[in-house]
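We name chains A, B, ... by the order of the sequence lines, and we start the count at 1 in each one.
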Amino acid sequence: MSHESPASRKDLLDIASLEREEIEFLLETAKPFKDLVSRSVKMVPTLRGRTVLNLFYEPSTRTRSSFEIAAKRLSADVINFTVSTSSVTKGESVLDTIETLQAMRADYLVVRHQMAGIPSFVAKHTGASVLNAGDGYHAHPTQALLDAYTLREIYPDLTGKRVVICGDILHSRVARSTSTILEKLGAEVGLLGPGSLVPRHCAKRFKVFRTWDEVFAWEPDVVYLLRVQFERQKAQFFPGVSEYHREFGVTDERLETIQERGLYVMHPGPINRGVELTDDVTRYERCLINQQVENGIPTRMAAMYWLKPETADRR
Amino acid sequence: MILFKNAQIASEQTGPLPRADVLVEGEKIRAVGQNIEPPEGAEAQVIDCEGKILLPGLFDMHVHFRDPGRGDKETIKTGSEAAINGGVTGVLMMPNTTPAIDSGAGVQALLDNAARNARIRVLTSGCITKGQEGKDLAGIAGMKSKGVFLITDDGNPITDELVLRRAMDYAKNFELLVGTQCETPSLAGDGAMNEGAASYSLGIPGMPAISEEICLDRNLRIAQHTGAHIHIHGLSTACGMETVARFKNEGVKVSCEVAPHHLLFNEGDIGDYDTHFKTNPPLRTAEDNARLLQGLKEGIFDVIATNHAPHTQSDKNQDFTSAPFGITGLETALVSLYERFIKTGEFGWDVLVRRYSSEPRKLAKLDPVVIEEGATAEFVLFDPEGCTKFTKKFMRSKSSNTPFLDREVAGMVEMVVFNGEILLER
């Protein structure tokens, strides 16, 4: 790697605590890792002999696979530790699990959990590097990195670019992390969603829109749609799915405006068809969903490359 | 006999502290004045108090001693020793023990326990409803006959207005204070901290300020209607404080607590999910800190009370959502209030003595504790030049779930005297 490397950290827990130069470094580092894909041997020996443990307390196929592929391309050994996801596990018992897993001498723990702060809690109790793969409503830093990477492929400089994030802001860790990384990279962020799902304090920090008309009048460059998190809603926040689609989704009519203006569309997946967007949106050539998934691998490789565990042999 | 030489005497009087010698004989203060010498032939321990302050023993009317039921967190013995360590010589226990204190027999058993195990005055409150379930009234007359002056369901707000109204109507016969901690459960939901910018960033469910304000408003109206004396526990919002001031002006019998942590800390201090800052009512905003302090200076708050809420290390060594609410306060209150507000001139010793010694005793219908000739000797010798490091070793509470853990704070409780006996000497 040719660039000046900022001092490495032990853990990647959120975006808010990262300095801009650290974000830049991670995005730059991801580039050569992405180029690997075009080679016949898609592996580098960086983490040979190291163990990455995927610890997912919430169902996930995409993120877990993405981390797994990223780790394998760095030549690490990968263990997928499946945890019962039928009930919420408290920090206390997570800690018991971690203590058991210490015996496996993992160097990297990839943690996803339903409750905010669990990865941070785990990080305080282990020498292994912890990568937050999503915790409650709190943070999803590797999603933010892959989002930023995807946009940087289009706009090398995000300064002044306008991104509207649309949907369930209240329950979305993606909204929190991605809005934060975009702000740090100089973009302007606007929010659109049902009033019951946009915390009132957000208006102090972001532009908050009431309707798509207001959004289009703002002239955004990118429309970022969030998945409606039915599973995280304990009460009714809006009257129904069809009303949501009509008022806050990208309908075919809104897609026309988006196409006319050449706006980019993003979504962290998995999508709810007929809710956040329609089928036609997924076929739109400036819909970046597949690029986002693809870029998850090199950005996660960059994160693992950068983090330095404090496991026994390094002390 | 003990002779305290050249102390500065704190009281409810404003202005510079007068200097005097204080002579203690037996349980009583025999003389206060200049150049006092022990009587001819009498043997006296002389304590040089140059530069130090004598203040009346403090009274904390909101503590959880977890006794009976959770001796792993605290007991009457360890809790009262923690009080002494912080210069507190009288406490009012909350009744949310296991079992809850909801009958005269429960009160009696607890007071018997205190008589055996506590070296200071330990009082208890009683429940409003049986088992704090918010339904049937507890044995109110029986508890009153054992000395209870305040009934409360504390952390379990009574949701049924009719139950609260009946309790207030009934409490009037017995001249009881009806204590309420104000929270609207449906609005507070599963919140673990104040709802605001910090809860959004941390992704932790929040409790909005209106949860407190709406319940407070409701409870004050019921008190106004019934004519009962309502006592508000641990008010945390500036808006709620203004509501209290308004009802006071309208002549409603209302008294109100503020906890030191609501003056000293706010949601921003939670930082990286530090569970030592998880408490209910939650820490609010920096603006609330400033306005509550102003309210304390203006006399809107009647008393300072810590809501000393001990929890074990493993309880608090949790993710933020799962950890229980509560922080300890008995050992840190005096020193931290001194460092932050008295030393800096925000308010004088008179405010501390009035709000953390005299007024709570007045509410409890106890004689005031004063440093005057003929009074019972119950006071604290405080060294403003000293400093206190709140290590686990320092603390006498069984629990150390305080934001001050391992912090060094200016000021030191050097000696505590209760009924003429030295309970603590450093």
Side-chain angles (χ1 to χ4, degrees), chain A residues 11 13-17 57 88-96 98-99 111 113-125 130 132 134-141 169-177 179-180 183 191 197-206 229 232-235, chain B residues 72-73 184-211 213 237 239 266-278 282 284-288 311-325 401 405-406:
Chain A
D11 310 297
L13 302 173
D14 58 23
I15 294 295
S17 58
Y57 286 86
V88 175
T89 324
K90 289 179 170 194
E92 193 176 52
S93 47
V94 172
L95 207 58
D96 291 342
I98 298 299
E99 273 167 23
V111 181
H113 199 281
Q114 302 94 324
M115 284 196 295
I118 291 275
S120 156
F121 176 71
V122 170
K124 287 176 190 143
H125 291 90
V130 174
N132 181 0
D135 61 330
Y137 318 153
H138 172 229
H140 195 351
I169 308 298
L170 177 64
H171 299 104
S172 174
R173 55 196 176 214
V174 175
R176 283 170 178 79
S177 286
S179 65
T180 306
E183 278 181 326
L191 305 175
L197 290 171
V198 181
R200 60 191 194 124
H201 327 88
C202 287
K204 287 184 189 157
R205 192 171 143 194
F206 306 104
Q229 302 281 359
R232 285 186 208 153
Q233 292 178 11
K234 288 180 184 150
Chain B
D72 55 332
K73 295 179 190 240
T184 310
S186 63
L187 284 167
D190 53 3
M193 64 183 287
N194 181 48
E195 179 187 302
S199 70
Y200 177 74
S201 299
L202 291 169
I204 295 288
M207 291 184 263
I210 53 169
S211 164
E213 293 153 10
T237 60
C239 175
N266 58 63
E267 57 182 7
D269 292 304
I270 290 167
D272 184 18
Y273 301 98
D274 189 340
T275 58
H276 285 154
F277 292 91
K278 181 173 176 180
R284 302 286 180 183
T285 66
E287 193 195 331
D288 288 300
H311 289 293
T312 63
Q313 199 175 339
S314 59
D315 278 332
K316 280 291 194 181
N317 188 16
Q318 269 284 3
D319 62 282
F320 196 85
T321 312
S322 306
F325 290 106
N401 50 304
L405 181 61
D406 291 328

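- Looking at residues two or more places apart in sequence or on another chain, you find a side-chain contact (heavy atoms from CB on, under 4.5 Å) between B/Ser211 and B/Glu183, B/Thr184, B/Leu187, B/Ala188, B/Pro208.
- In this structure, OG1 on B/Thr321 lies 11.5 Å from CZ on A/Phe121, to the nearest 0.5 angstrom.
- To the nearest 0.5 Å, atom CE of residue A/Met115 and atom CG of residue B/Asp319 are 4.0 Å apart.
- Annotation for B/Tyr273 and A/Ala116: closest pair OH-CB, 3.9 Å, computed over non-hydrogen atoms.
- Residue contact with chain B, scored on non-hydrogen atoms closer than 4.5 Å, involves the backbone and the side chain of A/His138 alike.
- Looking at B/Asp315, neither its backbone nor its side chain comes within 4.5 Å of chain A, counting heavy atoms on both sides.
- Side-chain contact check for B/Tyr200 versus A/Leu170: every heavy-atom pair is 4.5 Å or farther apart.
- Listed by chain and residue number, nothing satisfies the ring-ring contact (aromatic ring centres under 6.0 Å, His included) test with A/His140 (two or more places apart in sequence, or in another chain).
- No part of A/Lys204 comes within reach of chain B, as not one of its non-hydrogen atoms sits under 4.5 angstrom from that chain.
- Annotation for A/Lys124 and B/Asp272: closest pair NZ-O, 3.0 Å, computed over non-hydrogen atoms.
- A/Tyr137 OH to B/Leu202 CG: the interatomic distance, rounded to the nearest 0.5 Å, is 13.5 Å.
- Proximity to chain B (any heavy atom under 4.5 Å) is restricted, for A/Asp135, to the side chain, taken from C-beta onward.
- Chain A forms the most heavy-atom pairs under 4.5 Å with one residue out of B/Ser201, B/Gly196, B/Gly206, B/Ser314, and that residue is B/Gly196.
- Heavy atoms closer than 4.5 Å to chain B are found in the side chain of A/Leu95, but not in its backbone.
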